[in-house]
Amino acid sequence: MRIVTYNINGIGARLPNLLRWLGEKAPDIVCLQELKAPQEKFPESAIREAGYGVIWHGQKSWNGVAILARGSEPVEVHRGLAGDTEDLQSRYLQATVRGLTIGCLYVPNGNPAPGPKFDYKLRWIERLITHTAVLASSREPVILAGDYNVIPTERDVYKPERWVNDALFRVEVREAFQRLSAQGWTDAIRTLHPEATIYTFWDFFRDAYKRNAGLRIDHLLLNAAVRARLVAAGVDRDVRGWEKPSDHAPTWVELEE
DNA sequence: ATGACCCTAGTTTAGGGA
């Protein structure tokens, strides 16, 4: 059973790409981020015709998350994170699918740092940490899949020295990601590939993909109940080389049924 | 250090992304 996170950078512009990928890979559960579409403009019928049940939380122009399930309907449990009633950004959706709890998340970018956007990022991660505490220790299987906008370590970026002051790599952010992980989450890709250079994002600028000047910022965190079932993890890197690609590539785990 | 590119909104240039 394959679970994937994929920042598609605009579902309007990326729909042909997304449908091709769904057809070729037939992933079981897909978490999408950056829909960049209001609720009513989500291409629900195209997704359903491809064989997927779906829930989504749209937003005009920016953000937006969705959970797709092949041959079944995700059952929504949470829409948004508690802790800030004034936060209207669509960045968190949680559902149960085929016995799994799936948190689909899109952490704020946070640049420029320091500044209000960076403060919002740090606060958002704290709200996430509060929300996930009980999930980490749950005996039920839970996966937190998404675009974390966090480069966890120097191994996860092509030139770490260039990123030390960036909101994706600043120590406050890495420290917060560490505290989240310390609740009992397993970073699937890094656990199965401890030394490998693996990226999930390549800038549109400067031929970043061709040069493999990438970042690893899309992660699947597994609680102990899922960790026991983990058999493989990777990135559909070739999708980044398709025509009109997103700047991110689908990032996945394979679980025993 | 800078700017390179892409998406959206909605009319043409600006904001956001990372």
Side-chain angles (χ1 to χ4, degrees), chain A residues 5-19 21 31-43 46 56-66 87-92 104-125 128 145-174 176-177 197-219 235 237 239-251:
Chain A
T5 181
Y6 183 18
N7 178 322
I8 53 167
N9 187 15
I11 196 162
R14 212 70 58 219
L15 188 59
N17 207 309
L18 174 65
L19 294 174
W21 172 75
C31 293
L32 299 178
Q33 302 86 31
E34 272 207 272
L35 303 178
K36 291 185 168 182
Q39 189 70 9
E40 65 276 13
K41 283 201 180 169
F42 186 87
W56 69 98
H57 191 194
Q59 182 183 331
K60 189 177 173 184
S61 302
W62 300 306
N63 310 317
V65 286
D87 182 7
L88 300 177
Q89 300 189 24
S90 301
R91 296 183 175 276
Y92 188 81
C104 173
L105 60 99
Y106 177 43
V107 176
N109 174 301
N111 277 308
K117 290 185 176 179
F118 189 62
D119 296 340
Y120 172 63
K121 177 179 195 169
L122 294 178
R123 286 200 311 273
W124 198 93
I125 296 174
L128 180 68
D147 176 357
Y148 285 73
N149 271 316
V150 177
I151 302 165
T153 73
E154 295 195 346
R155 184 172 285 136
D156 302 308
V157 50
Y158 66 106
K159 273 195 179 174
E161 68 276 12
R162 285 203 183 168
W163 290 82
V164 287
N165 291 319
D166 191 278
L168 279 65
F169 195 53
R170 283 179 68 108
V171 287
E172 304 96 310
V173 168
R174 280 187 275 166
F177 185 77
T197 296
I198 298 176
Y199 300 136
T200 66
F201 165 92
W202 297 262
D203 219 309
F204 287 125
F205 311 154
R206 308 185 209 90
D207 282 330
Y209 180 62
K210 279 186 194 160
R211 297 186 294 120
N212 198 27
L215 313 174
R216 191 174 74 91
I217 54 176
D218 300 277
H219 310 299
V235 179
R237 198 181 181 287
V239 175
R240 180 62 179 81
W242 290 2
E243 269 201 48
K244 283 199 69 169
S246 167
D247 38 9
H248 297 248
T251 304

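Labels below follow one simple rule: chain letters A, B, ... track the order of the sequence lines, proteins then strands, and each chain is numbered from 1.
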- Task: Provide the distance between the two C1' atoms, one in B:dT11 and one in B:dC7, to the nearest whole Å.
- Result: 16 Å
- Message: At 4.0 Å (heavy atoms only), tell me whether A:Asn63 reaches a base, stays on the sugar-phosphate, or touches nothing.
- Response: nothing
- Query: Can you find a heavy atom in the side chain of A:Cys31 that is under 4.5 Å from one in the side chain of A:Gln33?
  - Reply: yes
- Rounded to whole Å, the CH2-P distance (A:Trp163 to B:dA1) equals 14 Å
- Query: Starting at CD1 of A:Ile11 and ending at C1' of B:dG17, how long is that distance when rounded to a whole Å?
  - Reply: 18 Å
- Query: Which part of the nucleic acid, if any, lies within contact of A:Gly110, taking any heavy atom under 4.0 Å across all strands shown: a base, the sugar-phosphate backbone alone, or nothing?
  - Reply: nothing
- Message: Run A:Phe169 and A:Trp163 through ring-ring contact (aromatic ring centres under 6.0 Å, His included) and show every step you take.
- Response: CA-CA 6 Å; A:Phe169 195 53; A:Trp163 290 82; 8.0 Å; no
- Item | Plane angle bin for A:Trp56 and A:Phe42 - parallel if under 30°, tilted between 30 and 60°, otherwise perpendicular | parallel
- Task: Looking at every strand, decide which applies to A:Pro245 at a 4.0 Å heavy-atom threshold: base, sugar-phosphate, or nothing.
- Result: nothing
- Task: Give one of base, sugar-phosphate or nothing for A:Lys117, where a contact means two heavy atoms less than 4.0 Å apart.
- Result: sugar-phosphate
- Distance in angstrom units between A:Asn9 CG and B:dA9 P, rounded: 13 Å
- P-based separation of B:dA1 from B:dT13 [nearest Å]: 32 Å
- Message: Taking the nucleotide of DNA chain B with the nearest heavy atom to each, does A:Gln59 or A:Asn111 sit closer to the 5' end?
- Response: A:Gln59
- Task: Counting heavy atoms from C-beta on, name the nucleotide in B:dC7, B:dG17, B:dA9 closest to the side chain of A:Ala13.
- Result: B:dC7
- To the nearest Å, give me how far apart CZ (A:Arg162) and P (B:dG3) are. 15 Å
- Task: Indicate yes or no: at least one non-hydrogen side-chain atom of A:Asn111 is less than 4.5 angstrom from one of A:Asp166.
- Result: yes
- A:Asp247 CG to B:dA4 C1', straight-line distance once rounded to whole Å: 14 Å
- Message: Which residues in residues 198-206 of chain A have a heavy atom closer than 4.0 Å to any atom of DNA chain B?
- Response: A:Phe201, A:Phe204, A:Phe205, A:Arg206
- Cation-pi check, A:Arg216 to A:Tyr199: give yes when NZ or CZ is under 6.0 Å from the six-membered ring centre and within 45° of the ring axis, no otherwise. no
- Message: Using whole Å, what does the distance between atom C1' of nucleotide B:dC5 and atom CZ of A:Arg211 come to?
- Response: 13 Å
- Query: Does the side chain of A:Cys104 come within less than 4.5 Å of A:Tyr92's, by heavy atoms?
  - Reply: no
- Message: Which residue is it: A:Val65, A:Leu128, A:Ile125? I am looking for the one with a side-chain contact (heavy atoms from CB on, under 4.5 Å) to A:Leu105.
- Response: A:Leu128
- Query: Out of B:dG15, B:dA9, B:dC7, which nucleotide sits closest to the side chain of A:Trp62?
  - Reply: B:dG15
- Give A:Asn149 one of three labels, base, sugar-phosphate or nothing, depending on what nucleic acid heavy atoms sit under 4.0 Å from its own. sugar-phosphate
- Task: To the nearest Å, give me how far apart CD (A:Glu34) and C1' (B:dC6) are.
- Result: 11 Å
- What does A:Asn7 touch in the nucleic acid at a heavy-atom separation under 4.0 angstrom: a base, only the sugar-phosphate, or nothing? sugar-phosphate
- Answer with base, sugar-phosphate or nothing: what part of the nucleic acid does A:Tyr106 contact at a heavy-atom distance below 4.0 Å? sugar-phosphate
- Candidate nucleotides B:dG17, B:dC7, B:dA9, ranked by approach to the side chain of A:Pro38 - the nearest: B:dA9
- Distance, rounded to the nearest Å, where A:Glu243 contributes CD and B:dC6 contributes P: 12 Å
- Do A:His248 and A:Asp147 come close enough that some side-chain heavy atom pair is under 4.5 Å? yes
